[in-house]
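Some notes on the structure that comes next.
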Amino acid sequence: MNTKWVGKRVQRIDGPEKVTGELKYMTDYHFDNMVWGKVLRSEYPHAKIKSIDIEAAKNLPGVICVLTHKDIPGFNGFGIVVPDQPVLCSDIVRCTGDAVALAAAETLEIAEQALTLIKVDYEPLEVVADAEYALTDSAPKLHPDGNLHSHVKIKNGNIEEAFEEADIIVENTFFSPRQMHAFIETEGGWGVMDEEGFLTIRCPGQYAYRDRMQIARSLAYNPERIRVISSPIGGAFGGKDEITVQIYLALLAMHTNGRPVKIHLSREESVIAGIKRHPFKVKMKTAAKKDGTLVANQVTAIGDTGAYASLGGAVIALAIEHSCGPYKIPNVDLEGFCVYTNNGIAGAFRGFGVNQVCMGIETHMDMIAEKLGMNPIELRKKNVYHQGEVSSVGHIVKSSVGTYKTLETAENCDLWKNREKYKSEVSEPWKKRGVSLATSFHGIGMGIGLPDYGAATIELLPDGKFLVGVGCEEIGGGNSTVYAQIAAEMLNCDISNIMIVQGDTQRTLDGGTVTASRSTYTGGRAVAAAAPKMTELLIQTAAEMLNLQASRIDIRPNHIAADGQIIPYKSIHKYLYDHHQSARVEGHFYLPKEKEEIKGSGGAPHHLYGYLTHVVMVEVDTLTGETDVLRVVSIPDAGKVMNPQGLEGQAEGGAVMGIGYTLFEDVLIENGYHKTRNFTDYIIPTIRETPLIETFPVEKPEQSGPFGAKGIGEVVMIPIIAAIMSAICDATGARIFHLPATPERVFNALKDLKKQKVQSAR
Amino acid sequence: MKSIQFIVNGKERTVVCPPAKTLLDVLREDLGLTASKECCGKGECGSCSVLINKEVVCSCLVLAGQAQNQVITTCEGVGLSPNLDVIQESFIAEGATQCGYCTPGIIVSAKAFLDEVDTIPSAEEIKTALGGNLCRCTGYTKIIKAVQTAASKKISEPETAR
């Protein structure tokens with residue numbers, strides 16, 4: 001298909017305002033009459049609240065209001081699936097991120113001082129610091145229904161028989177860290193109520209309409225009287241999917257006499273109160289035949305969701321759905337538990353549970369290959385499912401599947417073909433290099449039973465340009481540019497004639513979340529559904545203006561031609577305006593779903609999946625245990641690539657985030673208290689850790705997608721985790737099962753290996 | 001309160017503020033220059049990077065009083081649309097910005113670095129120069145490329161010819 005914009009290296013439309021710093025993020029606004037809001041967080045990870053005394057705080061000069069749970073007009077809770085997190089705690093606190101009171105004051109310093117004057121009388125309770133302990137009878141119950149938030153189970157075939165008949169079985173337990181999103185813009189924003197009681201909340205988020213619903217529910221306020229603006233965002237990665245400070249802003253704005261109120265969390269507060277990736281413990285037992293055919297997989301995964309559910313149940317469900325990799329294993333027994341503890345709060349994060357299980361199945365693939373003396377690519381090729389085949393969770397995969405092609409590309413890439421040469425080129429004699437690969441997949445869109453639709457508007461503007469409105473926010477991934485490319489392509493105009501508005505309940509339709517790798521696919525399809533309607537409107541209007549048949553009207557780049565006459569689009573707008581006709585069209589799209597849910601799976605399977613294979617080279621310092629990732633090859637199957645530059649940006653950013661997850665990142669919580677506070681002790685990759693990254697998309701078009709596209713945002717950081725773990729083993733012989741693979745853990749694994757060698761030599 | 005004079009992006013400015021207010025807050029709140037961001041408030045991330053007399057500093061660690069009589073350049077001073085600096089153009093061309101929140105700080109660091117070099121720097125040199133700027137979106141690959149592209153443009157089209 002010949003295209004002018006789609007599939008091309010189109011520069012980001014938001015580039016100029018971002019490189020100059022002219023773009024105003026919501027946390028950049030500053031008004032002369034503004035007031036500052038602050039949130040009082042709990043002193044204890046688990047305690048009873050006996051009383052809250054705000055008198056002294058209220059009387060501090062400069063304080064405008066101090067609010068507690070008593071000031072919440074509606075429902076005192078929020079949460080995307082189960083609203084079990086109090087907006088402001090009334091009787092119990094369950095983590096140190098819990099909010100107990102709010103203050104607004106003339107200056108930030110006065111607001112901070114006001115918090116110190118609020119007297120909360122607590123009775124500390126036993127802290128539940130471990131997810132497995134939480135499931136025992138002796139652990140205190142953190143919620144009325146106990147500490148098990150959700151349980152999913154998928155069972156197919158007969159694993160007992162399969163394990164008995166297998167030639168080879170590997171069994172291990174994997175531990176994964178509590179990763180922090182570490183978006184550069186911490187949570188924050190603005191709230192203001194006008195004299196007619198209309199409330200505007202400007203706060204970065206990943207779904208403006210749902211944020212509005214949650215605000216309205218707590219305020220017992222008509223959602224039509226609330227406007228939420230949620231775009232642009234200084235990074236999110238899932239961490240701004242849940243409510244962050246929107247409800248606090250709304251509550252305070254009701255008490256500031258029409259003055260705008262601003263909250264912007266310090267990094268320390270963001271670390272404590274913000275959601276994190278679920279730490280998992282995954283027990284996995286995988287069986288194969290001598291020829292490498294996988295025959296069984298048994299998985300038990302326990303995820304620590306912290307004090308509240310947020311999306312924890314969905315994370316565990318997605319983990320279990322993906323726990324066997326993109327393979328066809330006939331006998332499986334897969335079980336996941338999502339558990340409450342007092343360890344902060346966990347929720348959505350790029351990869352959404354798949355990261356934690358991919359490291360298990362892919363490590364096992366390499367261990368099986370090693371034991372059988374098989375090439376790891378051959379082993380994977382032998383077991384992957386193809387389009388139309390039955391997956392491990394037992395459904396026929398109807399959408400496009402690119403795994404085999406990504407493995408072929410991996411096999412033929414320079415790093416893999418010449419790996420022995422590259423491995424020999426160590427930088428120091430005591431360093432060792434290893435090259436490994438891993439493959440994974442990730443569902444696109446929501447599972448079964450959740451609303452999943454896209455909606456877009458296109459409006460002809462007075463100056464003849466088009467305004468494309470999509471609910472999905474610009475969180476950095478570049479969906480705004482993709483939407484503009486699709487619109488320009490289909491409206492046959494220059495991309496500079498396309499304006500984009502996103503994430504605004506007043507200006508965009510409800511088009512679902514920017515999560516689940518869905519916004520290019522869903523939002524793009526909605527724009528593609530609206531564009532022909534705009535074309536139709538342009539043609540019909542021109543025909544009416546010229547009194548000609550529509551068939552004689554031609555859409556040319558940026559104008560209409562008919563019978564030798566040229567009509568600029570602004571004339572069409574004027575005609576529509578003068579004749580009281582709408583210049584706006586809508587496009588709607590429902591994401592295709594599987595019809596039958598796998599029993600007990602919590603929403604599996606997905607209809608669509610993106611696939612990706614990573615090849616990596618590491619160098620391990622055998623004296624210190626430090627690991628450097630030197631090269632990464634990222635081979636995505638994202639369907640048709642809409643913008644190669646944008647795809648590479650995702651692949652590169654995802655790879656580096658995966659390196660951080662595998663090697664250094666972990667928010668440490670001891671007995672409910674955060675030991676990690678800021679970037680001083682939470683190390684994310686810097687530019688110095690950036691390896692050489694190459695991206696080779698395989699482009700297997702997906703018929704249902706816009707121009708054949710699928711999604712890419714999450715799978716880009718998944719297989720690299722297992723690939724690095726295996727590359728460490730390839731380099732040193734030591735396998736790591738506990739992430740992050742810090743120098744200490746690698747060093748100890750090397751020491752253990754030496755001991756084993758000495759013992760076996762005796 | 002103290003009256004502080006300095007030159008910001010080529011203009012003489014006077015600000016009356018507590019002397020212990022950070023330069024970052026003065027820039028953002030008193031002067032409305034919001035390209036510089038607060039992300040960690042501890043000098044760990046480089047999002048607040050500005051130049052003081054051509055040297056990159058974290059403006060969250062500089063007090064307003066220390067900026068007295070200094071020459072300060074923020075990202076807005078490097079270039080504003082449509083008159084972008086070659087570094088900014090290269091960041092757009094190479095796709096080196098995503099969410100964009102860290103970008104102004106990185107542009108400022110890149111500016112200080114490129115002002116001192118007259119060759120196309122190696123990836124290693126760029127990694128040293130920008131080692132103090134965190135970015136969570138891009139994986140830095142395109143940032144390295146953009147700095148090299150800017151350097152090569154600077155060499156092939158010197159400023160006077162632009």
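Naming: A, B, ... by sequence-line order, numbering from 1 per chain. Given the structure is predicted, the values throughout are model-derived calculations rather than measurements.
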Heavy-atom closest pair (A:Thr481 atom, A:Ile13 atom, distance to 0.1 Å) is OG1-N, 3.1 Å
For B:Glu38, is it the side chain, the backbone, both or neither that has a heavy atom under 4.5 Å from a heavy atom of chain A?
backbone
Heavy-atom cut-off 4.5 Å, strictly under: side chain, backbone, both or neither for A:Pro16 against chain B?
both
For B:Gln98, is it the side chain, the backbone, both, or neither that has a heavy atom closer than 4.5 Å to a heavy atom of chain A?
both
Please flag which part of A:His181 lies under 4.5 Å from any non-hydrogen atom of chain B: side chain, backbone, both or neither.
backbone
We want to know whether B:Asn9 and B:Thr74 form a side-chain donor-acceptor pair, criterion being a heavy-atom distance below 3.5 angstrom.
yes
Toward chain B, the part of A:Asp28 with a non-hydrogen atom under 4.5 Å:
both
Salt-bridge criterion met for A:Glu268 and B:Lys42 (N-O under 4.0 Å):
yes
Go through the side-chain N and O atoms of A:Glu665 and A:Gln179 and say whether any donor and acceptor fall under 3.5 Å apart.
yes
Using a cut-off of under 4.5 Å for heavy-atom pairs, which of B:Pro104, B:Gly77, B:Gly132, B:Cys75 has the most such pairs with chain A?
B:Cys75
If one checks every heavy atom of A:Glu648 against chain B at 4.5 Å, the contacting part turns out to be both
What part of A:Phe237 gets closer than 4.5 Å to chain B, counting heavy atoms only: side chain, backbone, both or neither?
side chain
For chain A, the option from B:Gly139, B:Gly95, B:Gly79, B:Cys99 that forms the most heavy-atom pairs under 4.5 Å:
B:Cys99
Are side-chain N/O atoms of A:Asn643 and A:Gln485 paired as donor and acceptor at under 3.5 Å?
yes
Residue selection (most heavy-atom pairs with chain B, distance under 4.5 Å) from A:Glu474, A:His30, A:Lys24:
A:His30
Relative to chain B, which segment of A:Val656 carries a heavy atom at a distance below 4.5 Å: side chain, backbone, both, or neither?
side chain
Counting only non-hydrogen atoms closer than 4.5 Å, does A:Ile184 touch chain B with its backbone (N, CA, C, O), its side chain (CB onward), both, or neither?
both
Distance alone, cut at 3.5 Å: any donor-acceptor contact between the side chains of A:Glu473 and A:Ser230?
yes
Measuring heavy-atom distances to chain A, does B:Thr128 have an atom under 4.5 Å in its side chain, in its backbone, in both, or in neither?
both
Quick one about B:Gln5 and B:Ser3 (side-chain donor to acceptor, distance below 3.5 Å, no hydrogens or angles considered), yes or no?
yes
Which residue out of B:Cys45, B:Ser47, B:Ala93 racks up the most heavy-atom pairs below 4.5 Å with chain A?
B:Ala93
Toward chain A, the part of B:Lys142 with a non-hydrogen atom under 4.5 Å:
both
Relative to chain B, which segment of A:Thr27 carries a heavy atom at a distance below 4.5 Å: side chain, backbone, both, or neither?
both
Heavy-atom check, side chain of A:Phe349 versus side chain of A:Asn355, under 4.5 Å
no
Could you check whether A:Ser270 and A:Thr186, counting side-chain N and O atoms only, form a donor-acceptor pair closer than 3.5 Å?
no
Heavy-atom distance under 4.5 Å to chain B: side chain of A:Glu185, backbone, both or neither?
both
Could you look at A:Ala655 and say if it's the side chain, the backbone, both or neither that has a heavy atom under 4.5 Å from chain B?
neither
For A:Pro685 and B:Leu134, work out which heavy atoms get closest and say how close.
O-CD2, 4.2 Å
Looking just at side-chain N and O atoms, do A:Thr515 and A:Gln206 make a donor-acceptor pair shorter than 3.5 Å?
no
